[in-house]
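Beneath this line is the structure, given in structure tokens, with notes to follow.
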Amino acid sequence: MEGAEESPLERERRLKVERLRARGVEPYPWEFPDRVPVSDVLGRCAALTPGAVATNGPARVAGRLRGIRQVGKTAFADLEDLSGSLQLFLRPDELGEPAYSQWLGDLDPGDLVGADGRPMVTRRGEPSLRVERLTLLAKAIAPPPEKFHGLKDPEARLRRRYVDLLSSAETRARFRARSLVVREVRRFFDAHDFLEVETPILVPVASGAAAEPFVTRSGYLDEGLQLRIALELPLKRLLVGGFERVYELGRSFRNEDMDATHSPEFTMLEAYWAYSDYTDMRRLMEAMYVRLAARVAELLPDLPAAREAVELFRPPFEVVDFVEALEGASGIAGIDTRSREELRGLARAVGATVPDRSPAGKFLDKLFEHYVEPTLLRPTFVVDHPLSTSPLAKRHRSKPGRIERFELYCRGYELANAYTELNDPDDQVRRFAEQLAERGVEHYALDRDFVEALRYGMPPASGVGFGVERAFMALTGTPSIKEVILFPLTRSAGSAGPRPEP
RNA sequence: GGGCCCGUAGCUCAGCUCGGUAGAGCAGGCGGCUCUUAACCGCAAGGUCAGGGGUUCGAAUCCCCUCGGGCCCGCCA
């Protein structure tokens, strides 16, 4: 398709490179200093009437050439940079006659060019730059996608994201917004006196969640290693160590199937807050989402879903009791007093295929997913889950058989998970033991070190974890996680896949 | 893991039911046009129809396998 073998179009463009070099034009120069964003020129044009040329000095811009329209002895070209798109107005009397014709012969859509000239507005009212001098900044050999439809093929958009980005201002805006939303998340936790920390990605045994890890190996240590699946346990060790508010924002890895809301590598945030409980944390999460919704509406004013996010994430979010919600939706009474076997039967009855030896909490999760989760379209805190659903949360202070936990749901999927953290080392041992009944003993070594840490005393605390991609998806109404990851994992086989360079 | 759908020029797509010389638009080439903006008009060029096998006188089209992708279901604290 492409790569080592060039298409006739690319050969045509290489001929242009030769021609340019022959007339002393370097197709890949080293610098282009002092250019201003296209939006600056657009701003200056706003003060001009149609047909007028700015008299308050020249302007220099740089960007990618998109379309070139030649109309008799005049040419129009669209120059795009990150700030916007500006029309270049090209005339032989401004550029000089040999130069004008040579440029039109050797420039193509997709080329990166610099332009010096004066802001103007055409008679038809289009803000433009009356170009006095052109500079080629990088010749594009590969032609860009079609100017109107862009790159549509979903596979090509993922595998060659750079082409998707260079041809779609919308894609650029979405990923820029993701970065700035992440910046806003950091600002939020920083402003609340949380300390950002970094903990290991390579660990002997991945823990803190129940997911399949990626495994690798240290040649020097001659030991197996895993990539982390959660940030929880190292961060709690920091609470033991005396840090009072910590958070980590980083990649986690889960060797599970991929779908619209699951990616093998994803960015996770976990925060731990000493001397607070899950109600404090609930308020903090609510405040964070209110803030992020406002930010997203600012960043993507043209996206309807982003504008609606402000309304969607308007506080207070609804709060529902896990058991009450499940009983209400399923019509099953006394669900938290049912035996494991009964729950298994109920879960199977709604189509869940869960192993026999799973703990009761697994069956409750299945029932909740089936009956309640799809109905939680607006932000909703589900609180006070049955004890068997998590080994790391503290027992509820007043509801027997429950834990102090909340999950935030929105648009039918989970956005955050939080507990009042379990800090009683003896209870932690019992709760792990229950979980280990159906997991492998190889997990015991690391868990025991965590219990050892708790024996030194961890302050009462709340903790929260959430997936950054899902948060951004919920805020922007993006249905697929691959649309918010720059380079999502794909199979490497196939003609369009990455190839070693010749 | 199960089901459905898709893969044709650099890009966006027709053609596939009902087998008969592979088509259009954009981009690129050549020519024209003094305010275009998905510019316009004319001419010429551009193909491993994802890959492999089969049926057939003849396959982009029908059948089988493989590869890649999308959606749904299942699985996934």
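A close approach under 4.0 Å does occur between a side-chain nitrogen or oxygen of A/Arg159 and OP1 or OP2 of B/G69.
The partner of B/U55 cannot be assigned: no Watson-Crick or G-U wobble pair with both contacts below 3.5 Å exists in any strand. With a 3.5 Å ceiling on both atom-pair distances, the Watson-Crick or G-U wobble partner of B/G42 is B/C30. As the counterpart of B/A14, no nucleotide is assigned, since no Watson-Crick or G-U wobble pattern has both distances under 3.5 Å.
Two residues are said to be in side-chain contact when any heavy atoms from C-beta on lie closer than 4.5 Å; A/Leu65 and A/Leu88 meet this criterion.
Taking the ring centroids of A/Phe76 and A/Phe89, they lie under the 6.0 Å cut-off. A/Tyr409 has its ring centre less than 6.0 Å from the ring centre of A/Phe368.
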What are the atom names and distances for every N/O pair under 3.5 Å that joins the protein to nucleotides 40-46 of chain B?
none

Between the protein and nucleotides 70-76 of chain B, which nitrogen or oxygen pairs are less than 3.5 angstrom apart?
unit_1, atom_1, unit_2, atom_2, d
B/G70, OP1, A/Lys482, NZ, 2.8
B/G74, O3', A/Thr353, OG1, 3.3
B/G74, O2', A/Thr353, OG1, 3.4
B/G74, N1, A/Asp257, OD2, 3.3
B/G74, N2, A/Asp257, OD2, 3.4
B/C75, OP1, A/Thr353, N, 2.5
B/C75, OP1, A/Thr353, OG1, 3.3
B/C76, OP1, A/Lys362, NZ, 3.4
B/C76, OP2, A/Lys366, NZ, 2.9
B/C76, O2', A/Glu256, OE1, 3.3
B/C76, O2', A/Glu256, OE2, 3.1
B/C76, O2, A/His262, NE2, 3.3

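In this structure a side-chain-to-backbone donor-acceptor pair under 3.5 Å is missing from A/Arg228 to A/Val203.
Residue contacts shown for A/Thr122 include a base, since a base heavy atom lies under 4.0 Å away. Counting any heavy atom pair closer than 4.0 Å across all strands shown, A/Gly361 reaches no nucleic acid atom. Backbone-only engagement by A/Glu12 is indicated by non-hydrogen atom pairs under 4.0 Å involving sugar-phosphate atoms exclusively.
Residues that satisfy the side chain to side chain contact (heavy atoms under 4.5 Å, CB included) test with A/Lys152, not counting sequence neighbours, are A/His149.
With P as the reference atom, B/G47 and B/A24 are 14 Å apart, rounded to whole Å.
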request  = Go through A/Glu407 and A/Arg405 one step at a time and tell me if the salt bridge (Lys or Arg N to Asp or Glu O under 4.0 Å) criterion holds.
outcome  = CA-CA 7 Å; A/Glu407 289 178 295; A/Arg405 174 182 184 186; 3.3 Å; yes
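Remark: P of B/G10 and NZ of A/Lys152 are 18 Å apart, rounded to the nearest angstrom.
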